[in-house]
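Take a look at the structure below.
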Number of protein chains: 2
Amino acid sequence: MAAVDLTAHPGHLARRLQQAHYLLWNTMVSEEITSPQFAVLNALVAEPGLDQRTVGERVGLDRSTIAEVISRLGRRGLLDKVRDPQDGRRSLLRLTDDGVRTHRKLTVRTARMNQVFLAPLSVDEQTVFFDLIRRVSDAAEELRNPADPLATPS
Amino acid sequence: MAAVDLTAHPGHLARRLQQAHYLLWNTMVSEEITSPQFAVLNALVAEPGLDQRTVGERVGLDRSTIAEVISRLGRRGLLDKVRDPQDGRRSLLRLTDDGVRTHRKLTVRTARMNQVFLAPLSVDEQTVFFDLIRRVSDAAEELRNPADPLATPS
DNA sequence: CGTGATTAATCAGGGCACTGAGTATTTCAG
DNA sequence: CTGAAATACTCAGTGCCCTGATTAATCACG
């Protein structure tokens with residue numbers, strides 16, 4: 001009585017989608033490096049020397065989570081972390097050679113995995129899929145951070 | 001060099017979508033009860049007396065996670081857990097009055113939240129959104145569980 | 001110059017999610 | 001009827017994800 005159909009709840013679907021992805025990643029990409037870890041490696045390939053907070057911003061990880069992820073990557077020797085001499089609060093991050101190698105290797109595999117993951121959709125549908133998820137995510141993000149860069153200036 | 005655009009990676013988008021949902025849930029629905037916890041309550045409203053494993057199956061939580069979630073709900077007095085007299089391996093679950101009340105209260109709020117969450121999409125787009133995510137999730141699930149109920153029998 | 005606000009990082013704590021191993025109970029084959 | 005397989009659950013371990021509080025460094029303003 002009064003129970004709800006969860007399959008019409010976007011949150012439930014989002015969770016299931018992520019679980020599905022997690023599983024596929026685990027079998028097709030890596031059991032060592034997780035998807036968020038790969039995102040961090042990728043951000044540092046694009047912009048070496050970023051500080052911890054900014055990396056978190058780039059990949060969508062909050063201050064606590066990014067700290068953990070970076071600590072793990074550092075422990076495995078995939079990146080180096082040094083205090084910024086200009087600003088003693090910051091930690092600057094840079095991939096090691098091993099980190100770069102790992103990123104390159106996983107890049108190939110993630111591409112394959114994404115193909116398999118999206119295989120049930122036509123190419124057009126894939127585009128829509130990306131667009132819809134992005135719009136919903138961005139809007140929710142916006143609710144939190146009323147950044148309004150297009151507000152009418154005085 | 002050789003960095004990838006994460007916004008074209010479904011896994012990354014799935015994670016962001018879930019984060020966005022988590023945040024909205026936290027502010028619009030409840031800081032006490034999480035979305036997976038609500039899913040469990042909902043499953044038990046629909047089918048009281050289910051065993052733990054089946055509840056997990058209904059809401060998409062694995063054996064370990066469902067155990068934790070149920071333990072928390074039990075600790076808060078929202079459900080009761082009794083050994084099945086017919087089969088000593090099973091734990092049968094049933095909501096308390098407080099559990100039913102909580103479910104009813106949150107049902108209203110989740111409906112409101114879903115509206116806000118999906119507001120950036122037109123009604124037609126919402127339908128597509130559900131359909132695409134469901135198809136991708138189901139297909140990935142299928143890769144894990146080759147249940148193939150429509151395989152050609154001998 | 002110095003004090004108060006801001007900022008980067010850390011820590012403690014709670015919750016979700018998975019795997020692999022272990023325990024208890026039931027089921028079923030021989 | 002008994003021992004092996006299957007099943008439900010638990011436990012240990014790893015990792016992601018968030019909040020609130022704390023610490024250290026920088027910055028801004030008077």
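Chain letters run A, B, ... following the sequence lines, proteins first and then strands; every chain starts at 1. This one's a predicted model, so the numbers in the text were calculated from it and none came from an experiment.
Backbone-only engagement by A:Thr34 is indicated by non-hydrogen atom pairs under 4.0 Å involving sugar-phosphate atoms exclusively. Residue contacts for A:Ser91: at a heavy-atom cut-off of 4.0 Å it reaches the sugar-phosphate backbone alone, with no base atom in range. Heavy atoms of B:Gln37 sit under 4.0 angstrom from primed sugar atoms or phosphate atoms, though from no base atom. At a threshold of 4.0 angstrom between heavy atoms, the contacts of A:Asp87 are confined to the sugar-phosphate backbone, with no base atom among them.
OP1 or OP2 of C:dA8 has not a single side-chain nitrogen or oxygen of A:Lys81 nearer than 4.0 Å. Side-chain N/O atoms of B:Gln18 include none lying less than 4.0 angstrom from OP1 or OP2 on D:dC16. OP1 or OP2 of D:dT10 sits under 4.0 Å from a side-chain N or O of B:Gln52. Using a 4.0 Å cut-off, some side-chain N or O of A:Arg15 falls inside it from OP1 or OP2 of C:dA17. In this structure, A:Arg76 reaches the D:dG15 phosphate: one of its side-chain N or O atoms is under 4.0 Å from OP1 or OP2.
Nearest heavy-atom pair, B:Leu106 versus B:Ser30, reported as atom, atom and distance to 0.1 Å: CD2-CB, 4.1 Å.
Counting to the nearest Å, the P atom of D:dA8 and the CG atom of B:Asp62 are 15 Å from each other. In this entry the distance linking CD1 of A:Ile66 with P of D:dT19 reads 15 Å, nearest Å. In this structure, the CG atom of B:Asp51 is 13 Å from the P atom of D:dT7, given to the nearest Å. A:Arg53 has its CZ atom 15 Å from the P atom of C:dT6, to the nearest Å. Nucleotide D:dG15 holds its P atom 19 Å from the CD atom of B:Gln19, rounded to whole Å. Atoms CZ (A:Arg72) and C1' (D:dC16) sit 7 Å apart, rounded to a whole Å. For the pair B:Leu61 CG and C:dT19 P, the interatomic distance rounds to 13 Å; values are reported in whole Å.
Comment: B:Asp51 does not engage B:Arg89 in a salt bridge, judged by the lack of any side-chain N to carboxylate O separation of less than 4.0 angstrom. Ion pairing between a basic and an acidic side chain is recognised when a charged N comes within 4.0 Å of a carboxylate O; B:Arg134 and B:Asp131 show no such pairing.
Counted by atom type alone, A:Asp5 and A:Thr7 present one or more donor-acceptor pairs between their side chains at under 3.5 Å.
Along DNA chain D, the nucleotide closest to B:Arg63 and the one closest to B:Glu68 are compared, and the more 5′ of them pairs with B:Arg63. Both B:Arg90 and A:Ser35 lie near DNA chain D, and the one whose nearest nucleotide falls closer to the 5' end is B:Arg90.
Of the candidates C:dT7, D:dT7, D:dT10, D:dT7 carries the atom nearest the B:Arg89 side chain, counting heavy atoms from C-beta on.
Judged by distance alone, the side chain of B:Gln37 and the main-chain N or O of B:Val69 form no donor-acceptor pair under 3.5 Å.
Between the side chain of B:Ser64 and the base of C:dT19, a donor-acceptor pair under 3.5 Å is found.
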